[in-house]
Amino acid sequence: MNHAFERALAGLNPRQREAVGLTTGPILVIAGAGSGKTRMLTVRIAWLVEREGVLPSNILAVTFTNKAAREMRERVLQLIPGSGSDVTLSTFHSFCCGLLRRWSAHAGFPDGFTIFDEDDSEKLMKSAITELHLDLKDFAPKKMLSLISQAKNDLVEPADFKPVHLHSDTLIEIYRKYQAKLTENRALDFDDLLMLCWKLLSTHPDLLEKFHKRYTYFLVDEYQDTNHAQYRLLKLFAQNTGNLCVVGDEDQSIYSWRGATIRNIQEFEKDFPGTRLVCLDQNYRSTQRILDAAGALISHNVRTHVKNLWTDTQGGEPLSFNHASDDREEADWVVGQIRAMADRGAGLRNFAVLFRMNSLSRSIEQSLTRFGIPYEVTGGTKFFHRREVKDVLGYLRVIANPHDSVSLARIINTPRRGIGKTLLAKMEAEGPLWESIVEHAKAGTKGKIAQFHDMIAEWRDRSPDESLFALVKSILDKTEYLNYLSDTDPDTAEERRGNIDSLVSDIRYQEEADPELGLRGYLEKVSLQSDVDDLDENTDRVHLLTLHNAKGLEFPVVFMIAMEEGIFPHYSAHAEPSELEEERRLAYVGMTRARERLLLSAARRRMVFGTWKPGIISRFLTEIPRSVFEGTPSTHSAPSNPSIRSENYSTLEAVPVRQTLFEGSTWVQGSRSSRSDRDSVPASMGNIHPGTEVFHPVFLHGKVLATEGESLGDFRLTIFFKKVGKKTLLLQYANLKVIQTKSSGG
DNA sequence: AACTCTGATGTGAGA
DNA sequence: CATCAGAGTT
């Protein structure tokens, strides 16, 4: 008798229980926000194993982010300890990438392929357009990429590409050229991962058969955000057994601009005949008040599977709205609210500030900094996209795959080694960059290019036998990269150095966690990582993130700022009704992240690109009934009524907050003295001992368990990080900060 | 020929 | 506000 499983099963509501038990054939689970779909999915996996004797290794579950996969894996392991780890839990992209590597020989490309991100692809596209003697202004690389991305998402190859465009023939040329260049670079872009995987399975019956022997049960989370390629992949996957369970909510479809099509969920019953339909509409997350507001908003969309979320917890705090005079005042209002609640004992981890675009986080960040409140931005300028990090990764990528000309061009003269633009352009004109480098190196005369070539070649030879950590250290040593940083930009050198340290720490950590990882494995992991994968709800900081990144998360208190026409809904969505509806779904997603309190704000004017722009209240605000807001004005106006604003300000100190927010909070007294980064000092051998609380740029908060070593060179720390668990780090490279507490003299 | 500086430019969301 | 092409400097 598996008690954990039985208990979880008994805890399900009738609908969830039904969705768990319908294991044969296709099933569509319409799961509203906060309806416990992750619980349902994990119990379903456990049910398959415990009740139906399905081998865990026959189960494939696909999620939207690695974070979701990781969390689901943890929960599955709780239900079925041990064998639960044999369940394949992955994102579409990671899973396809794995298949392509395993079967690369059949797919007709080397398994050492590199995954190109948006930046890489753009550089490649630019060179493709230039080589075709076209003008980058007429054929904007980003625009071209998005058209080609669409085509790939629809499984359309250059030969069948029929773009609706004035110069459609040229576009086909561009697609062809771009694809040829990818091949030349031995690289795949994100869309290739899906398209080529589908192509591989649909043209190799032997491989498909192997696949079907391995996997017989399929589960897909966030089905509303799958694209056509993913749908076709699923058709192939489930074509034998038909045991396909998809979970989604069309009201939360927010990625159509990335090729996702709501059609997949709307037509699922037609696509997979015999589908059983289950609807989860009991919400376990938010108050009725929040659900009423969100429900009213989303009812302005045309929907096929209409559901009305309900909850046992009646009432709840009213929503707040603040119409500030400008963005700074708006930010101060947000921070004022946070302070008021934090002073009453709410931990900072409870707060999330959501916004439509990354640039909107600035004013909030400034205000939080002013008050010394720790925060964490998820997304925006990503760690792995920082210049110095990309430089070092560029070396690793070239070592893994020297045909990657984008990385090659990046590092060939970074740090300076006298191979400038002209020489580079000359070599690029001679053919694939690496091949010209080899030619130049062969040509005798041990010049700069030969030196560069030999350096890379040596690392290439060594890399299979050497640890990644040793390799990256060798790169930093030999190129004197850190000196290069201080020489070129002394102002930012320290910060950049810190980022390099974090990268080295990350490499070391990943390598220790998985000794089989290897160079390619690491690079693949980095490429397929998403921003939210790193988000840790348990670090006691205010969370700042875009509405898109907030998908799948929940917070007790949610702020949605910049609720203004042109920003949200975004101006580019105004013309198209379907895009406007997607914006509304995005608002719906944001609102339903809130458990207890939802606070909205807008500004009358806002600094955008250096100029003041007037702000008009978002139509979404007017679609939320007045009755759910606090201090409901007696006048019959929309929330733009100024009385609401003064109301909010006057009640700022007396914000009513439900008691639950403060329960189990570890922050409590800490909030006044604000344990911000400014209260921390760099870790040194002198100030670090067992028990010391530390902060690491990648692994965040941790506590030192033990120290070992006498000299700086081998001073090792064993630290327990809340986020990643126990880790051993070399102090020298860890870039740790010691958090000063009252007892330690801060 | 490489390096440095300047001004123009383009800016949604992200695996 | 970050990137980039092109002019000017070493």
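Every chain is numbered from 1, with letters handed out A, B, ... down the list of sequences. The structure displayed is predicted, hence computed values, not measured ones.
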By side-chain contact (heavy atoms from CB on, under 4.5 Å), which residues pair with [X], not counting sequence neighbours?
{"X": "R102(A)", "value": "L99(A)"}
{"X": "V377(A)", "value": "E365(A), Y375(A), L544(A)"}
{"X": "S436(A)", "value": "M427(A), E430(A), H440(A)"}

Whole angstroms only, please: what is the [atom1]-[atom2] distance between [X] and [N]?
{"X": "I567(A)", "N": "dT11(B)", "atom1": "CD1", "atom2": "P", "value": "17 Å"}
{"X": "K142(A)", "N": "dT11(B)", "atom1": "NZ", "atom2": "P", "value": "5 Å"}
{"X": "L424(A)", "N": "dA1(B)", "atom1": "CG", "atom2": "C1'", "value": "13 Å"}
{"X": "L100(A)", "N": "dA15(B)", "atom1": "CG", "atom2": "C1'", "value": "15 Å"}
{"X": "N153(A)", "N": "dG14(B)", "atom1": "CG", "atom2": "C1'", "value": "13 Å"}

Classify the ring geometry of H93(A) against F190(A): parallel below 30°, tilted from 30° to 60°, perpendicular beyond 60°. perpendicular
Once the angle between the rings of F237(A) and F95(A) is folded into 0 to 90°, is it parallel (under 30°), tilted (30 to 60°) or perpendicular (over 60°)? perpendicular
Could you tell me whether [X] contacts a base, only the sugar-phosphate backbone, or nothing, with contacts defined as non-hydrogen atoms closer than 4.0 Å?
{"X": "N66(A)", "result": "nothing"}
{"X": "D117(A)", "result": "nothing"}
{"X": "E122(A)", "result": "nothing"}
{"X": "S572(A)", "result": "base"}

Those residues that, when tested against [X], pass side-chain hydrogen bond (donor to acceptor under 3.5 Å, both in side chains) (two or more places apart):
{"X": "W257(A)", "answer": "H548(A)"}
{"X": "N227(A)", "answer": "none"}
{"X": "S601(A)", "answer": "E330(A)"}

Please work out which residues in residues 247-257 of chain A have a non-hydrogen atom less than 4.0 Å from an atom of DNA chain B and list them by number. Y255(A), W257(A)
[X] side chain: which of [options] is closest?
{"X": "T422(A)", "options": "dG12(B), dA13(B), dA2(B)", "answer": "dA2(B)"}
{"X": "R356(A)", "options": "dG12(B), dA15(B), dG14(B)", "answer": "dG12(B)"}
{"X": "N413(A)", "options": "dC3(B), dG14(B), dA2(B)", "answer": "dC3(B)"}
{"X": "L423(A)", "options": "dT4(B), dA13(B), dA2(B)", "answer": "dA2(B)"}
{"X": "M357(A)", "options": "dA2(B), dG14(B), dG12(B)", "answer": "dG12(B)"}

Name the atoms and distances for all side-chain donor-acceptor pairs under 3.5 Å in residues 139-146 of chain A, with sequence neighbours left out.
none

Along nucleotides 2-10 of chain C, 5' to 3', which nucleotides get a B, which get an S, and which get a -, given that the test is a protein heavy-atom distance under 4.0 Å? --S------
Using OP1 and OP2 only, check whether a side-chain N or O of S94(A) sits under 4.0 Å from dA15(B). no
Ignoring backbone atoms, establish whether R416(A) has a side-chain N or O less than 4.0 Å from OP1 or OP2 of dT4(B). yes
So does [X] reach the base of [N] with its side chain, donor to acceptor, closer than 3.5 Å?
{"X": "R258(A)", "N": "dG14(B)", "answer": "no"}
{"X": "Q529(A)", "N": "dG14(B)", "answer": "no"}
{"X": "E118(A)", "N": "dA15(B)", "answer": "yes"}

With the stacking rule set at 5.5 Å and 30°, tell me whether H570(A) counts as stacking on dG12(B). yes
Think R520(A) forms a cation-pi with F113(A), using NZ or CZ under 6.0 Å from the six-ring centre and within 45 degrees of its axis? no
